[in-house]
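Data first, discussion second: the structure below is written as structure tokens.
Atom set for the values below is all heavy atoms of this structure, side chains included, hydrogens, waters and symmetry mates excluded. Keep in mind that this is a model prediction, so the values were computed, not measured. Protein chains get the first letters and strands the later ones, always in sequence-line order, with residue 1 at the start of each.
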Number of protein chains: 2
Amino acid sequence: MSHTLDGPARGARQAQKQKTRQALLDAALRLLEEQSLSSLGLREVTRAVGVAPTAFYRHFRDTADLGVALVEEALGSLHTTLVATLAATGDGEERIAAAVDLIVAYVRAYPAHARFIAREQHGGVKRVREAIGAQLALFAEEVAAQFASEPEAAGWSEDDLLMLARMYVDHMVMTASALLETDDAGPVTDTARRQLRLVSLGRLHWLDAPVRGN
Amino acid sequence: MSHTLDGPARGARQAQKQKTRQALLDAALRLLEEQSLSSLGLREVTRAVGVAPTAFYRHFRDTADLGVALVEEALGSLHTTLVATLAATGDGEERIAAAVDLIVAYVRAYPAHARFIAREQHGGVKRVREAIGAQLALFAEEVAAQFASEPEAAGWSEDDLLMLARMYVDHMVMTASALLETDDAGPVTDTARRQLRLVSLGRLHWLDAPVRGN
DNA sequence: AAACTGGGAGAACAGTTGTTAACTGCATGG
DNA sequence: CCATGCAGTTAACAACTGTTCTCCCAGTTT
């Protein structure tokens with residue numbers, strides 16, 4: 001078996017390459033805490049790593065390409081965590097607390113990643129915007145699928161479930177951004193919980209007085 | 001009365017100044033459609049206007065300063081419009097339609113302004129972020145005040161009203177951003193309406209089964 | 001052991017950037 | 001009617017940018 005195509009590194013050669021690549025990603029993420037991707041210079045990144053500017057091209061075509069890689073790094077591993085959290089909790093207060101705590105923990109652990117996503121979601125680099133959009137749409141689909149497998153979803157159309165899921169996902173990003181701009185997470189956490197409670201309440205009475213006619 | 005301190009221009013001299021200033025703002029806004037403020041160059045703006053780079057300093061300290069001016073231009077006139085719209089409609093479907101239509105009309109009329117706000121709300125320039133944050137907080141307060149003057153707000157705490165208002169305001173920005181990324185406003189408008197319906201439904205049942213104890 | 005591969009270095013390129021200084025000419029206030 | 005103020009110009013600065021080409025040398029393959 002001479003071609004294991006999944007491992008991050010096969011020889012010491014490729015290991016070193018991944019190491020520099022990661023260093024570039026880390027340096028970029030740090031620089032992006034106080035500027036947008038569209039103003040991030042290639043030389044700026046390589047200088048921070050301590051490597052020649054030309055080395056950049058061995059890993060990324062341009063800074064937009066690096067941005068797309070950062071999107072994967074920031075959101076890739078979150079899919080399983082999010083679905084697992086929803087699956088482990090029923091509807092109601094318990095789930096609300098778990099969802100908010102998940103975001104709070106994520107922002108605490110990876111503030112730079114969270115900031116990057118919030119910032120570049122509507123940022124000036126199209127390819128990165130699209131990459132984030134695709135990831136968030138995927139999140140919404142996964143959340144909607146989880147909702148669909150629950151008794152509370154009885155009578156709900158697929159479209160309405162997706163609408164509800166997007167509401168949750170967008171609210172998460174919103175909350176993350178709010179957490180980043182405050183130093184006291186308390187009030188933000190509290191507001192986020194109440195807002196989710198509002199949505200949950202709406203969900204419960206969605207089928208009460210159908211406005212189906214429009 | 002030789003000193004009318006409010007008019008935008010007193011003599012032909014000041015009129016010309018305002019004209020160049022506006023030209024700078026317009027050019028900047030156009031350039032910002034495909035990049036972020038943190039990458040907007042001062043020379044880039046003056047070049048687009050057809051004026052010497054140094055002329056920029058007669059109007060703005062730097063591009064961040066120009067950004068703050070753009071925030072005022074984009075959101076300043078929206079306060080009265082928003083409050084008027086809410087005041088003219090009661091709670092329910094009517095208000096939901098009016099609020100969504102307001103956003104749709106705004107994005108149609110001033111797409112570049114809307115894009116700028118959505119982009120720089122979490123953007124890389126602190127002063128601009130703060131300016132937008134302050135404006136949105138003001139919107140939320142105004143909306144909350146309008147809510148407070150309605151019968152449906154009976155039994156609501158001031159904090160809960162503000163929470164609800166922020167939900168509406170943030171949802172408006174979210175919707176505006178979604179409208180900018182699609183060429184068919186139909187589905188986005190529809191989703192936005194349903195999401196507001198969800199929140200309205202939650203509002204109606206907020207006091208049903210109080211979770212006050214936490 | 002010899003040939004090859006490819007990550008990284010080095011230097012140079014044309015162009016860009018923000019900022020300073022000293023200027024010009026015109027509308028304005030005395 | 002003349003002197004002042006000030007929006008805008010011109011020129012120059014050091015520093016920076018992305019990109020190309022050429023080279024080097026350690027790890028890998030045969």
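One interatomic measurement links the two molecules: CD of Gln14(B) to P of dA7(D), which rounds to 8 Å at whole-angstrom precision. Going from atom CD of Gln22(B) over to atom P of dG8(D) covers 13 Å, rounded to whole Å. Protein atom NZ of Lys17(B) is 9 Å distant from nucleotide atom P of dC6(D), rounded to whole Å. Summarising the geometry, the separation between CZ on Phe56(B) and P on dG8(D) is reported as 13 Å, rounded to the nearest angstrom. Look at CZ on Arg21(B): it is 12 Å from P on dG8(D), rounded to the nearest Å. Rounded to a whole Å, the CG atom of Leu42(B) is 18 Å from the P atom of dC16(D). To the nearest angstrom, P of dA27(C) lies 10 Å from CD of Gln16(B).
Near DNA chain D, meaning a heavy atom under 4.0 Å away, the residues from residues 57-67 of chain B are Arg58(B), His59(B). Taken residue by residue, residues 28-35 of chain A places no heavy atom nearer than 4.0 Å to DNA chain D.
Within 6.0 Å of atom CD in Glu34(A), 12 or fewer heavy atoms from other residues, nucleotides or ligands are found, so the atom counts as exposed in its surroundings. Counting non-hydrogen atoms of neighbouring residues, nucleotides and ligands closer than 6.0 angstrom, the CZ atom of Arg127(B) exceeds 12 such neighbours.
Proximity of a side-chain donor or acceptor of Asp160(B) to a complementary backbone N or O of Trp156(B) within less than 3.5 Å is not detected. Judged by distance alone, with hydrogens and angles left aside, the side-chain atoms of Arg95(B) form a donor-acceptor pair with the main-chain N or O of Thr89(B) at under 3.5 Å.
For Arg47(B) against dT16(C), a side-chain-to-base donor-acceptor contact under 3.5 Å is absent.
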Original post:
Given the rule in the side-chain contact (heavy atoms from CB on, under 4.5 Å) test, do Arg197(A) and Met163(B) qualify, once you have shown the distances and angles that lead to the verdict?
Top reply: CA-CA 11 Å; Arg197(A) 202 173 294 145; Met163(B) 176 277 288; over 6 Å; no
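Under the 3.5 Å distance criterion, with hydrogens and angles disregarded, no donor-acceptor pair is assigned to the side chains of Ser39(B) and Ser39(A). A donor atom on one side chain and an acceptor atom on the other are found under 3.5 Å apart for Glu44(B) and Gln35(B).
In terms of position along DNA chain D, the nucleotide closest to Arg13(B) lies nearer the 5' end than the nucleotide closest to the other residue of the pair Pro53(B) and Arg13(B).
Salt bridge present: Arg203(B) and Glu150(B) bring a charged side-chain N and a carboxylate O closer than 4.0 Å.
Under the side chain to side chain donor-acceptor pair (under 3.5 Å) criterion, Asp159(A) pairs with Arg194(B), sequence neighbours left out.
Applying the ring-ring contact (aromatic ring centres under 6.0 Å, His included) definition to pairs two or more places apart or across chains, those involving residues 117-142 of chain A are His79(A)-Phe139(A). Applying the ring-ring contact (aromatic ring centres under 6.0 Å, His included) test to pairs two or more places apart or on separate chains, those with a residue in residues 162-187 of chain B are Phe147(B)-Tyr168(B).
For the OP1/OP2 pair of dT20(D) and a distance below 4.0 Å, the side-chain nitrogens and oxygens of Thr54(A) include no atom meeting the criterion.
When the nucleotides dA12(D), dG8(C), dT10(D) are ranked by their closest atom to the side chain of Arg43(B), dA12(D) comes out on top.
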Subject >> DNA chain C base-pair string [pairs: Watson-Crick or G-U under 3.5 Å; |: paired with another strand] >> reply: |||.|||||||||||||.||||||||||||
